[in-house]
Amino acid sequence: MKSARIAFIVSECLVATLCYCTVTACGNEKPPSKGGEAQAIHSNDLLYDVCFTGPDRGWVVGSGGCILRTADGGQTWIRTAVEGLPALYSVDFVSDRRGWVSGSDGTVLRTEDAGATWTFCGRPTSKHLFATDFVNSSTGWVVGHDGVIYETRDGGGTWKDHSLRSERDRSLPEEVILNDIAFLHPDRGLIVGEYGTILLTRDAGRSWKRIRSPNGTSLFGCTWTSGNGAIAVGIDGQILRSTDGGVTWKAMKSPTTNTLFSVSLPWIVGNRGTILHTDDGGESWRRREDRPVNFALVSGVSRSWVVGSQGTVKHLD
Amino acid sequence: MRRRAWVLTLLAAATAVLAWQAARLNIRTTFTDLLPQKHPYVQIHNEFHETFGGGNLVLLAVERRKGTVFEAATLKKIEQITEAIDRMEGVNHYQLFSIAHRKAKTVEISGSFVEQKSVMWPKVPTDPEAIREVEERVGSSLMLVGPYVSPDHSAVLISAQFHDGRIDYRNLFDEFKRLIDTHSDEKHAIYVAGVPMLVGWGYHYLSEILWAFVLTLSIMVLILWSYFRTWQGVLVPLFSALVSAVWGLGFASLLGLNLDPLILVVPMLVSARALSHSVQFMEKFYETLKCCPDKREAATRASGTLWAPGILGIGTDAVGILLIATSTIPIMQKLAFICSMWAASVLFSVLVLNPILLSVLPVPKRAMEACAHGVGGGLDRLLGGIASLVRFRRATVGAAVLLGATAYFISKGLIVGDRTVSSGILRADSHYDISLRKINEKFFGASPFFVFVRGKERHSLTEPEVARTVEAFQRTMEEDPRVKGTISYVDLIRYFHQVMREGDPKWFLLPRDKRSTGSLLSCIADTSQPGDIERFLTMNYQHAVVQVFYEDTRGTTVAQAAQRAKAFIDSHPMEHATFELAGGVVGLKAATNEEVVYSHGLTFGLILLCILLGSSLTFGSPIIGLLLTGCLAVSNFFVYALMTWWGVALNVHTLPVSSVGIGIGVDYGFYLMGRVREEMRKGENLENGVGRSIRTTGKAIFLTAMTLIAGVGLWHFMTHVQFIGEMGLLLGLLMLFSMILALLVFPSALLLLKSSPRSASVPGASGADRAEGMRRAL
């Protein structure tokens, strides 16, 4: 009991200092399960994002600083919980060992050992970082609240500010939320966000061009498809599609009015257990009627793995 | 004797007055009486329970046996039941919750606007498409799935709060019973739990409890008849027991105490005491009658010899029972007062009334030959066998010590608190207990643990420090696999934060500053209806409740819940608020269990001490005092060991049994010791004296004990009220062990130690002393 309390106090202090001053430290790992007592995934976990690098290795992040990992295709999950860590929104791995997560309050963590231990990266901002995408083992991007866009070229040690600025006062950030970022290759990238915000770069992020969205409603997820195509999804079940490398966008017919949060071919996932499937590379979408995730809010999808509320982690067939 | 008419009139008048009082006695169960009112958890609970509710809560579950509740017929039923409950008397209309109620809403986010929409009010959907839409909306609502709709959608929960003081429990029970009967069919099951319902079941079974009493009484009559073989021998003791019952109940009513039907078994014991005192007196009377045929003279003489020791014995009983009042659990205190008075009333109902009655009533012819050998030779042979067993005293004592020690170590494993999810009052297969288990299994809400947050000033809850600590507290509690979920005002804030951000789950976060937290809270307050958010926090944002939902209320679960919460609270001090334990079923059980452990030790110790002192003084030998007390302690350990073996837990229900049980069990040893002393005064040596005592007094001990054992032990098989059955069984066992120890082990130990009562070696002991010995010898 005593040692547990000391561990508590120590970890509290650690978090207080580490989380807010950019000091590097190791995350402490909890044993996966003690005699069946502690399950890795709790029924009240709210999970935000998933990333699989192959059929076996995958990582999931969620609220309360939750990081889950599997090395056997999801048969067993191991929980790494760093006490006091804030919500983690996005996870991206460039190899089986190297990956990053981003979260609220500007948190970015890095791992070199497939997620067993995590270290704090340099903290680019205090704003929430909703999405991260690394184009190689050193260059990556994070986007988030108040139009923040940051780029690193040293694996997260230092960050360069590309944030959106207000039209009226260029010193102030534009108060638009950026929800997702996806690179087709190191030169071409896409960011989507609030009020139909679509940003496109064709010069490795040196400049970001605003693209007109067809209806101006909020977007939560985007992805590249084959043949220079792109898809973005958002509120009220809207699906936007571009076939010219993201320069022009068209609203597609959607089978749902539920909010859609994430897209990764052949799936789009969203609120109330919504799962949409395409057979033709994204030209048409239909709803999965068999409710594989019940009514959980599904917020992330990667390689047919979906995650969401109520501890939902599931592979779709 | 000469003024017996006056005395009789006086007693009759007093009895009449008390009978009138007794008739007005409140027979009801007050659940607050089961809570240790001085325990800090209970005091905190008392302070907050009006604010956050949770008192008179009824939970009704509608289960669809196959498939989900999202079928037109089931939804219709849910609507009908909800409306029926809404019309019940005393229901708090603001604290009625069901998916068919106007207040069950889901939040619809579309484009730039947010809309709160009732799930299926005012019209229940009938066509499949509309039902599908309702299922989707309900299924995705974190506020509904878990607490009000089971995660597998096979059952829904309707919860209704009733106003304190405006409940007619019988009426309410009838109305819910009608709902159960009307709406149960081959496709649906209805389950109802909650304190008002439990009270209702108590009333429902009251007649059954009374029948159990009638049966017990009949058994006692039968045993008395088999002993005395005269109607007088049956009626006089019964009448005495009745009078003392009237007095006991009358006094209880005068003092404004209510009699809880659940603890009736203990007063029954006291009545049995009155009965056995009366039997003692009649025995003495008949014995005296042999040498003195005038019944008036015989009655005078008999009462002359029994008067002083009678007062002493009855006084000891009364004081011993009064010691139970040291417990802080009200039901124990009431029990102590009522039973202590009841025991004291034996002074009048037996010591005064019996001689008068016997001097007035005609002496039955058979009385003379009846008393000594009423029961056949079987018993004589049994007792003779026991008496001869005493020869193997070393083995007997050795075995007793060994068994006692074993029992003691086994009883170390005795569980405190519930062993399963149960009311602890009704049987495991009762509708109520089945309901309780079902609701526990399907939903969040049946076993809540409330932890209160007391703010230093208004708006303290909006301090980021407080909100974040509450959030961390919830997360810590949720790490326990026995916790199904937690909810607090922090969840409300986070959820509304998410709603404000177009429903994006990434905003299921606490805002960073006090102002945003405050404005979110006011936003919630503005859009909700009375009672919606008062379940979570006070409207001035000062106090809040964190509800942690456990999967059961077992002793270990509740103890660890409190421990876990305490550990967190100690390591997370807050500047603007404090956490305070505890409420909810789990919190209150934690308090009760802690108190049971304390009370148990204290009363047990005090009563043993009282008996040690009493018996040492009475027999003038501390060794005999120790022997008698030791035998008692061992018989208690046997009962605890058996409880451990059977998995019966020590709880607020079983506690009074052992406390009252020992007080009465000690008498068997007293009777025997008294007789031994009397025999020795007649010049017998110790060994013969002991042998004869077992053969003679042993018979009386055996019969009195059997009367009790048969009476209360049978309850176990007779009643749906498990509480009473369990108490009956344990008391019966306690009496059985006490009897065996008194008849076999105590005399063996006595012989082994060769210790004799002082009076045997001191010629011409005082008259009172001798009389005491005779009284004890029955």
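Protein chains get the first letters and strands the later ones, always in sequence-line order, with residue 1 at the start of each.
Residues H128(A) and L509(B) have side chains in contact (heavy-atom distance under 4.5 Å, counting atoms from C-beta outward). In this structure the side chain of H145(A) never reaches within 4.5 angstrom of the side chain of K506(B), judged on heavy atoms. Residues F295(A) and H153(B) have side chains in contact (heavy-atom distance under 4.5 Å, counting atoms from C-beta outward). Inter-residue side-chain proximity for S126(A) and R512(B) is flagged as met; some heavy-atom pair is nearer than 4.5 Å. In this structure, the side chains of R137(B) and R272(A) come closer than 4.5 Å at one or more pairs of heavy atoms.
Proximity to chain B involves both the backbone and the side chain of N179(A), based on heavy atoms less than 4.5 angstrom apart. Heavy-atom distances place the side chain of S299(A), and not its backbone, under 4.5 Å from chain B. Proximity to chain A involves both the backbone and the side chain of E135(B), based on heavy atoms less than 4.5 angstrom apart. A87(A) touches chain B through its side chain: at least one heavy atom from C-beta onward sits under 4.5 Å away, while N, CA, C and O do not. For chain B, the nearby part of Q310(A) is the side chain; its heavy atoms alone come within less than 4.5 Å. Neither the backbone nor the side chain of R494(B) comes within contact range of chain A; no heavy atom of the residue lies under 4.5 Å from a heavy atom of that chain.
Rounding to the nearest 0.5 Å gives a distance of 9.0 Å between CD1 of I235(A) and CG of D504(B). To the nearest 0.5 angstrom, N258(A) atom CG is 4.5 Å from E136(B) atom CD. To the nearest 0.5 Å, the span separating CZ on R475(B) from OG on S63(A) amounts to 6.5 Å.
Summarising the local packing, NZ of K314(A) is surrounded by 12 or fewer heavy atoms from other residues, nucleotides or ligands at distances under 6.0 Å. The 12-atom threshold is not exceeded at CZ of R554(B), counting heavy atoms of other residues, nucleotides or ligands nearer than 6.0 Å. Counting non-hydrogen atoms of neighbouring residues, nucleotides and ligands closer than 6.0 angstrom, the CD atom of E175(A) reaches no more than 12 such neighbours.
Nearest heavy-atom pair across L46(A) and P505(B) is CD2-O, 4.1 Å. The two atoms that bring L297(A) and Q498(B) nearest to each other are CD1-NE2, 4.0 Å, heavy atoms only.
Note: F130(A) and W507(B) have perpendicular aromatic rings, judged against thresholds of 30 and 60 degrees for the angle between ring planes.
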